[in-house]
Trainee: 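Just passing along the structure, written as structure tokens.
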Amino acid sequence: MLEEKKEELKPSVSFIEQFIIDDLKEGKNNGRIHTRFPPEPNGYLHIGHAKAICLDFGMAQKYGGKCNLRFDDTNPVKEEVEYIDSIKEDIRWLGFDWEIREYYASDYFGKLFDFAVDLIKKELAYVDDQSADIISSQKGTPTQPGTESPFRRRPVKENLDLFYKMNEGEFEEGSRVLRAKIDMTTPNMHMRDPIIYRIIKTPHHRTGSKWMVYPMYDFAHGQCDYFEGITHSLCTLEFEIHRPLYDWFIDQLKTGDYKPRQIEFNRLNLSFTMMSKRKLLELVQESKVSGWDDPRMPTLCGLRRRGYTPEAIRRFIDLIGYTKVEAINDVSLLEHAVREDLNIKAPRVFGVLEPLKIIITNYPEGKVEEVEIVNNPEDESMGTRKVPFSREVYIEKDDFMENPPHKFFRLAPGMEVRLKGAYIIKCENFKRNEKSGAIEEVYCTYDPLTRSGGHASEKKVKGTLHWVSAQHAIDAEIRLYDRLFDHEDPAGQKDDDYRKFLNPSSLKILNGCKLEPSLRHVKPLDKFQFQRLGYFCVDYGSTESHPVFNRTVSLKDTWAKINK
RNA sequence: UGCUCCGUGGUGUAAUUGGCAACACAUCUGACUCUGGAUCAGAAAAGUUCAGGUUCGAGCCCUGACGGAGCAACCA
């Protein structure tokens, strides 16, 4: 029986890991494993990138290999230094380390240029003088073969001369390109004499104005892997069809048996959000969110600010796996992952979001008791703390009802509840605002014998509420975040713009929330469980005089479900 | 109507490479609880897109349908 259990728990590996294991077993690359994570510095990293990062760094780590960080900076028009720092920060935060191996595609511009010259000499590349439109129309369509460029048979010497002049800035942008000479009739569009170099006069953030001619991604990526000795080039599914082209280049370049092996996997799609960098940038530019690190964004900096931990994100990535099926993963699995992690780590505290004042009429005025409260029932080592209790306390508005439905285990006229860690109180009466009709104050009596931990504390009541002593409370701003979109796949609707699905209540800002005094000295990114409510994280903009907390995720709420 | 890839509970993944379809999330019960959290116990939910074939035996191999995704940027 035990044996069976063990067998069942044997972890299965992804198809990619299986390939790696097999390659290692066969002794390929002398048992070496070397991967790389190749972001383009044109935006912030999101959780989809985390999936790639975990694989690239994870496989190297697990099998005693290395993983390079390489910025794919082949297009100076779109890329900015600003992004490089954020990308590095996010990778480190996630828990991975490229050590000294920080590279740039631009490190290889010289080698790539030489290789292009080499291709020209081998009559495998030519300069095309046609416009983008003409070249594009000659490409054909996926169902129709393309036609050859009139410049395809240009003599080597002329090609060489023109290519050098392109790089010397003698021609306008767009006037000429260098193309690989492959096959205009193959069904694979990427092999139809792809453009490999274009003229760009915008200075590059690293190489300045040294180059006037820049390699296309397809001409750089595979070769960079080759130059770096990458053994396994892991990338997403959409590059599958590019693989024959990469192989074609490497076959022209390689001098031995070594050749990177590209393996493609499914990109991460998360329900109720989107991963398109372009669209995320639009959200930022159109101020639909406060920035790249808005806690509603699926970016790593957004998730960080939201209160997610690297452990939770890695755990989530681990749970979803790597396959070749295009899938949409349920956000609730991500939420499960943070709850699981924060449940163990986050200290419990009392915070009242929408305060309702309780006056304990038989409690002596001016008296203050310090009650001792466990910081985390999941982890005894986190100890206890003292929380002041007094005659007037705040409870959650939702925790009182004048006419409670069946199974409402909270406060209502004549009902008893425990104030967690303190006393059992009974609701005797309440005061209503004459104009609005809203309940303003609730009057209770307490039973002095029921103090937690005391002799009569065994007395049972059905409900336990969190509370904050009114005179000791800290005022705080609390931001309740919810899903940015109210459609499961906002960017996947052909007839509707994703903006149509922005969730109007994705952010609710609450002010005048009441927190227990132990929360006075907190710093950004500190995480807590506000008892019975959810996990909250101190925002970057938080100060001692104006504390701000972001809700990471609510606790599971069975009552909310019953109530629906 | 070309090429490439992919079809397993609601969702995401497994299935010792041909041997009674398993796990997680979500859902629903119940127990416990000084968090309507956590924890614990349990339930419902796919017969593996379909049709043939090989085989004692097919989710897995073969054939053919059907369905989905990707591919025609001087983007990556």
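Treat the numbers as computed from the prediction; the structure is a model and nothing was measured. Letters A, B, ... mirror the listed sequences (proteins, then strands); counts begin at 1.
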Trainee: For the pair A:R532 and A:D399, find out whether any cationic side-chain nitrogen is under 4.0 Å from an anionic carboxylate oxygen.
Mentor: yes

Trainee: So, is A:K556 near the phosphate of B:A38, with a side-chain N or O under 4.0 Å from OP1 or OP2?
Mentor: yes

Trainee: With C1' as the reference atom in both, quote the distance from B:G9 to B:A43 in angstrom, rounded to an integer.
Mentor: 14 Å

Trainee: Residues two or more places apart in sequence or in another chain: which of them pass ring-ring contact (aromatic ring centres under 6.0 Å, His included) with A:F272?
Mentor: none

Trainee: Can you tell me which nucleotide in B:A72, B:G36, B:C74 comes closest to the side chain of A:H190?
Mentor: B:A72

Trainee: Would you mind classifying the nucleic acid contact of A:F71 as base, sugar-phosphate or nothing, using non-hydrogen atoms under 4.0 angstrom?
Mentor: nothing

Trainee: Report yes or no: do A:Y394 and A:E354 form a side-chain donor-acceptor pair below 3.5 Å?
Mentor: no

Trainee: Do the charged groups of A:R243 and A:D247 touch, with an N to O distance under 4.0 Å?
Mentor: no

Trainee: So if I take residues 212-225 of chain A and measure heavy-atom distances to RNA chain B, which residues fall below 4.0 Å?
Mentor: A:M216, A:Y217

Trainee: Got a salt bridge between A:E40 and A:K78, using NZ or NE/NH1/NH2 to carboxylate O under 4.0 Å?
Mentor: no

Trainee: If you find the nucleotide of RNA chain B closest to A:Y197 and the one closest to A:V461, which residue's nucleotide is nearer the 5' end?
Mentor: A:V461

Trainee: Return the residues of residues 333-351 of chain A meeting this criterion: a heavy atom under 4.0 Å from some atom of RNA chain B. Order them by number, or give none.
Mentor: A:L333, A:H336, A:N343, A:R348

Trainee: Of the listed nucleotides (B:A14, B:G70, B:A72), which one gets closest to any side-chain atom of A:E238?
Mentor: B:G70

Trainee: Relative to A:Y104, does A:R206 satisfy both conditions: NZ or CZ under 6.0 angstrom from the six-membered ring centre, and within 45 degrees of the ring's axis?
Mentor: yes

Trainee: Can A:R418 be said to sit on top of A:Y423's aromatic six-ring, NZ or CZ under 6.0 Å from centre and within 45° of the ring axis?
Mentor: no

Trainee: Take nucleotides 2-9 of chain B nucleotide by nucleotide from the 5' end and write B, S or -, depending on whether a protein heavy atom sits under 4.0 Å from the base, only from the sugar-phosphate, or from neither.
Mentor: BS-SS---

Trainee: Could you tell me whether A:Q531 contacts a base, only the sugar-phosphate backbone, or nothing, with contacts defined as non-hydrogen atoms closer than 4.0 Å?
Mentor: base

Trainee: Excluding sequence neighbours, so at least two apart, what forms side-chain contact (heavy atoms from CB on, under 4.5 Å) with A:D482?
Mentor: A:N503

Trainee: May I ask you to decide whether A:E311 forms a salt bridge with A:R315, counting only side-chain N to carboxylate O separations under 4.0 Å?
Mentor: no

Trainee: Should A:E238 and A:R267 count as an ion pair when the cut-off is N to O under 4.0 Å?
Mentor: yes

Trainee: Would you call A:K459 and A:E416 a salt bridge, taking side-chain N to carboxylate O under 4.0 Å as the test?
Mentor: yes

Trainee: With a non-hydrogen cut-off below 4.0 angstrom, is A:G421 in contact with a base, only sugar-phosphate, or nothing?
Mentor: base

Trainee: With a non-hydrogen cut-off below 4.0 angstrom, is A:Q130 in contact with a base, only sugar-phosphate, or nothing?
Mentor: base

Trainee: Please evaluate the base of B:U39 for a donor-acceptor partner in the side chain of A:E378 within a cut-off of under 3.5 Å?
Mentor: no

Trainee: If the threshold is 4.0 Å, N to carboxylate O, is there a salt bridge linking A:D225 and A:R36?
Mentor: yes

Trainee: Any ion pair linking A:E173 and A:R198 (charged N to carboxylate O, less than 4.0 Å)?
Mentor: no

Trainee: How is the base pairing of RNA chain B summarised as a dot-bracket string, given the Watson-Crick and G-U wobble criteria with both distances under 3.5 Å, [ ] for crossing and | for another strand?
Mentor: .((((((..((((.....[..)))).(((((.......))))).....(((((..]....))))))))))).....

Trainee: Looking at A:F171, I'd like to know if the NZ or CZ of A:R176 sits under 6.0 Å from its six-membered ring centre while staying within 45 degrees of the ring's axis.
Mentor: yes

Trainee: Report the residue (A:A327 or A:P377) whose heavy-atom-nearest nucleotide on RNA chain B is the more 5′ of the two.
Mentor: A:A327

